[in-house]
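Here is the structure we will look at, set down as structure tokens.
Ligands are counted one by one from 1 in listed order, and the atoms in each one are counted from 1 as well. Every value quoted in this text rests on a predicted model; they were computed, and no experiment measured them. Heavy atoms only: backbone and side chains are in, while hydrogens, waters and symmetry mates are out.
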Amino acid sequence: MPFRRAASQMLSRLRTAGLTDIADKLDAGVRLDLSDGVRLFESPDLLAVGWLANRERERRHGAKTYYNYNIRLEATNVCVASCLFCSFARLKPGDEGAYTHTLEDVWGKLRARAHQPLTEVHVVNGLHPDLPFSYYTELLQGFKRIRPGIHLKCFTAVEIAFFADLYGKTDEQVLSELKHAGLDSLPGGGAEVFAPRVRKKLAADKCDADRYLSIHRTAHGLGMRTNVTMLYGHIETIEERVDHMLQIRGLQDETGGIQAFIPLAFHPDNNQMRKLPAPTATDSLRVHAVGRLMLDNVPHIKAYWIATGVEVAQTALWFGVNDLDGTVQEETIYHVAGAKTPNTMTPRQLERLITAAGREPYERDTLYNIVRSAAVAS
Ligand code: V47
């Protein structure tokens with residue numbers, strides 16, 4: 001029978017790829033370890049790895065694929081950190097290309113979209129040395145005044161650590177005060193690669209992995225959800241990638257507060273690592289697939305289409321991914337670093353992309369409540 005033949009072909013393919021024991025572990029609900037993760041990265045058979053990741057994706061989500069109606073805002077690119085991979089930051093106010101929007105200007109971007117049924121504002125900023133803390137609390141309060149129901153996913157853990165040090169507060173105080181002002185969740189930026197070797201070379205000025213994870217832990221304790229990212233395709237080793245995933249899994253075991261893992265493809269233009277090539281499509285598919293397999297306790301694996309490219313994000317829907325981020329609209333970090341993707345996609349375009357991949361699109365809010373199902377709407 002054709003189905004039996006296909007299944008037995010897959011089994012023999014897994015055997016040839018040396019992945020049968022990993023498939024067995026997944027079937028038995030046994031956790032994969034560091035050496036399993038390394039083997040998944042090293043296996044020449046990308047389709048076998050993808051097949052395993054897809055199986056886990058379908059076990060959890062079937063064909064359901066999420067996106068959201070969001071806007072990305074960056075209020076300032078002034079940043080005291082000099083991360084080697086960053087093309088966005090300017091060290092000081094007044095440096096060429098440096099900007100800091102007034103609160104009215106940032107709020108204006110939301111006001112200008114009064115006609116859009118946005119559910120999320122996602123803010124990531126540079127680490128500005130001179131702004132008062134009230135700039136950030138008022139930013140949040142203003143967003144909520146303009147759109148009371150909107151979800152504010154703002155400030156990476158690296159920004160929270162910076163605020164605490166700059167304004168003489170604890171991480172918990174910063175998070176509580178921002179929450180009081182309207183903060184709903186933390187985005188996953190700033191994780192880069194947790195391994196101290198990589199972090200020291202690439203992002204020496206940023207808080208270390210322990211503090212990044214501790215801030216997420218604290219946010220979870222305060223009832224907030226967070227995402228976690230990994231910047232891949234530069235100087236990190238395969239072991240360092242898997243170790244990064246295992247540290248995320250460890251935190252998730254403790255708190256359960258992580259919603260999504262988002263691998264971020266390194267973009268080399270206009271930064272200090274411009275001599276490195278960008279990661280290939282197959283590497284991107286594999287990182288997402290291995291993320292799904294290692295992170296058995298993180299519900300959503302997101303392909304950020306701005307970073308992977310639209311075509312790879314769509315293909316990744318068969319490599320473990322069940323979320324495509326959203327409409328985005330105002331992205332700069334990736335576009336100044338050479339992203340060739342569009343700046344925005346409409347809900348209709350995202351839905352078409354998902355449907356054309358043989359998956360079912362669902363518009364979600366930030367907390368993965370379904371806002372709209374295309375099947376119901378059409
Ligand atoms: O933290 C900066 C990365 C991140 C480059 O939580 C770069 O839902 C590649 O975190 N090449 C910000 N990456 C973006 C981010 C994010 C994106 C989408 C969704 C979510 C979420 C979070 O961008 C930074 C840094 O890791 N980054 N420069 C670059 N040249």
Per-atom contacts of ligand 1 with Leu231, taking only distances under 4.0 Å to non-hydrogen atoms: 7 (C), 9 (C), 13 (N)

For atom 16 (C) of ligand 1, the protein heavy atom that lies nearest, with its residue and separation: His122 CE1, 3.8 Å

Contact with ligand 1 for Ala265, non-hydrogen, under 4.0 angstrom: yes

Ligand 1 contacted by Met273 (non-hydrogen, < 4.0 Å): no

Per-atom contacts of ligand 1 with Ala337, taking only distances under 4.0 Å to non-hydrogen atoms: 30 (N)

Residue Asn227 vicinity, atoms of ligand 1 by number, heavy atom under 4.0 Å: 6 (O), 8 (O), 21 (C)

Interfacing atoms of ligand 1 (cut-off 4.0 Å, heavy-atom, Gly189): 1 (O), 10 (O)

Under 4.0 Å to a heavy atom of Asp325 - the qualifying atoms of ligand 1, by number: 8 (O), 19 (C)

Any Thr229 heavy atom less than 4.0 Å from ligand 1: yes

Residues in ring pair (Phe, Tyr, Trp, His ring centres under 6.0 Å) contact with Phe133, at least two apart in sequence or another chain: Tyr167

Mode of Ala260 contact toward ligand 1 - side chain, backbone, both, neither (heavy atoms, under 4.0 Å): neither

Set of salt bridge (charged side-chain N to carboxylate O under 4.0 Å, His left out) partners for Glu159, sequence neighbours left out: none

